[in-house]
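Below: the structure, in structure tokens.
In this text, all values refer to a predicted model and were calculated from it rather than measured experimentally.
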Amino acid sequence: MLKELEDCSQPISVEVAGSSLLNQKKTKTILTALVIAIISGFFLLFLLTPNSAAKNFNEITASELITLTNQERILRRLPALAVNSQLTQAAKNKVIDLLDKQYFSHNSPEGKKFSAWVKEIDYQYAIVGENLAMGFGTSQQIIEAWMASEKHRQNILMQPYREIGIAVAKGKFNGKDTTVIVQYFGATNNKIISEAIWPYQNFSAKTYGLLIKV
């Protein structure tokens, strides 16, 4: 194709106003072909050239997870959750501890409950919940896995929740690179619901071949 274009370039450069109608038509055809080839080459180069948007397309982000979580709630006429800075900080503290101490559970190896991370940042909760995920490649995969798990789904669709905080961290777990996600839900009022009344079970499940916790 490049050779043909090179061969056509010379007649185009010497075409003059006094040429025959046939030559003019040929010239227009050749010019049109050149323009199409140039545009096609440009778009091919654009598509094949790496760019920041393409690189970040599959990255897991807290903002995207919050959006996807709220979409699931809104579809079921539940109130969307507002981002809460305290819950976000609690999630960040928890995800750091998970990677630092190499565990994947609501309770730390020392027996620290998931709600303790929320209490430490002085979030006066009436109800609080936590979802964990690890090893996924995209935000959409995480939401699909959570929604396919009964306990995670219940957490996401819990009607009393009003606020959310999520932390996403990349690191090594058992020597392998991974991404760990901590998702906190909460609502505040003057009456605290204890964990004894609102129990959370620790168990692991295989969803999409990846380990998740509820």
Check [X] against [Y] and note the closest heavy-atom contact, atom names and distance.
X: Val168; Y: Ala62; value: CG2-N, 3.8 Å
X: Leu99; Y: Ala169; value: CD1-CB, 4.0 Å
X: Glu130; Y: Asn155; value: O-ND2, 3.1 Å
X: Ala133; Y: Ile142; value: CB-CG2, 4.0 Å
X: His152; Y: Leu132; value: NE2-O, 3.8 Å
X: Ala91; Y: Gly165; value: CB-O, 4.0 Å

Please check: side-chain N/O of [X] versus main-chain N/O of [Y], any donor-acceptor pairing under 3.5 Å?
X: Ser149; Y: Ala145; result: no
X: Arg162; Y: Ala187; result: no
X: Lys94; Y: His106; result: yes
X: Glu163; Y: Thr188; result: no
X: Gln86; Y: Ile121; result: yes
X: Gln89; Y: Ser85; result: no
X: Ser139; Y: Ile60; result: no
X: Asn84; Y: Ile164; result: no

Just verifying a value: how many Å separate [X] [atom1] and [Y] [atom2], rounded to the nearest 0.5 Å?
X: Thr61; Y: Leu68; atom1: OG1; atom2: CG; result: 8.5 Å
X: Gln141; Y: Phe136; atom1: CD; atom2: CZ; result: 7.5 Å
X: Gln140; Y: Glu144; atom1: CD; atom2: CD; result: 4.5 Å
X: Thr179; Y: Met134; atom1: OG1; atom2: CE; result: 10.5 Å
X: Asn107; Y: Tyr103; atom1: CG; atom2: OH; result: 8.5 Å
X: Asn131; Y: Thr69; atom1: CG; atom2: OG1; result: 8.0 Å

Problem set entry | Test side chain to side chain contact (heavy atoms under 4.5 Å, CB included) applied to Ile166 and Val182, step by step | CA-CA 6 Å; Ile166 295 181; Val182 176; over 6 Å; no
Exercise. Going through the distances and angles, do Leu157 and Met147 end up as a side chain to side chain contact (heavy atoms under 4.5 Å, CB included)?
Worked result: CA-CA 9 Å; Leu157 302 181; Met147 292 301 291; 4.1 Å; yes
Exercise. Less than 4.5 Å apart, any side-chain heavy atom of Val95 and any of Ile181?
Worked result: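 Val95 vs Ile181: side chains apart.
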Exercise. Side-chain contact, heavy-atom cut-off 4.5 Å: Asn174 with Gln102?
Worked result: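 They are in side-chain contact.
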For this session: Let me know which of Trp146, Tyr161, Tyr123 forms a ring-ring contact (aromatic ring centres under 6.0 Å, His included) with Phe185.
Result: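 Of all the options given, the one that passes is Tyr161.
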Problem set entry | Heavy atoms of other groups near Lys170 NZ, more than 12 under 6.0 Å |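 Check fails, neighbour count at 12 or below.
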Exercise. Which of parallel (below 30°), tilted (30 to 60°) and perpendicular (above 60°) describes Phe114 and Tyr184?
Worked result: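 Taking Tyr184 first and then Phe114, their aromatic rings lie parallel (interplane angle under 30°).
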For this session: Answer yes or no: is there an ion pair linking Arg153 with Glu72, defined by an N-O contact shorter than 4.0 Å?
Result: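 Answer for the salt bridge query: no.
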For this session: For the pair Glu120 and Lys112, find out whether any cationic side-chain nitrogen is under 4.0 Å from an anionic carboxylate oxygen.
Result: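 Yes, this pair counts.
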For this session: Name all pairs fulfilling the salt bridge (charged side-chain N to carboxylate O under 4.0 Å, His left out) condition that reach into residues 77-87, sequence neighbours left out, sorted by first residue then second.
Result: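 Sorted result for residues 77-87: empty, none.
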For this session: Go through Glu64 and Thr138 one step at a time and tell me if the side chain to side chain contact (heavy atoms under 4.5 Å, CB included) criterion holds.
Result: CA-CA 10 Å; Glu64 187 176 19; Thr138 67; over 6 Å; no
For this session: Dump the intermediate steps for side-chain hydrogen bond (donor to acceptor under 3.5 Å, both in side chains) on Glu110 and Ser108, then the final yes or no.
Result: CA-CA 5 Å; Glu110 301 83 10; Ser108 75; 2.9 Å; yes
Problem set entry | Trace of the side chain to side chain contact (heavy atoms under 4.5 Å, CB included) decision for Arg76 with Ile74 | CA-CA 5 Å; Arg76 294 159 181 84; Ile74 292 170; over 6 Å; no
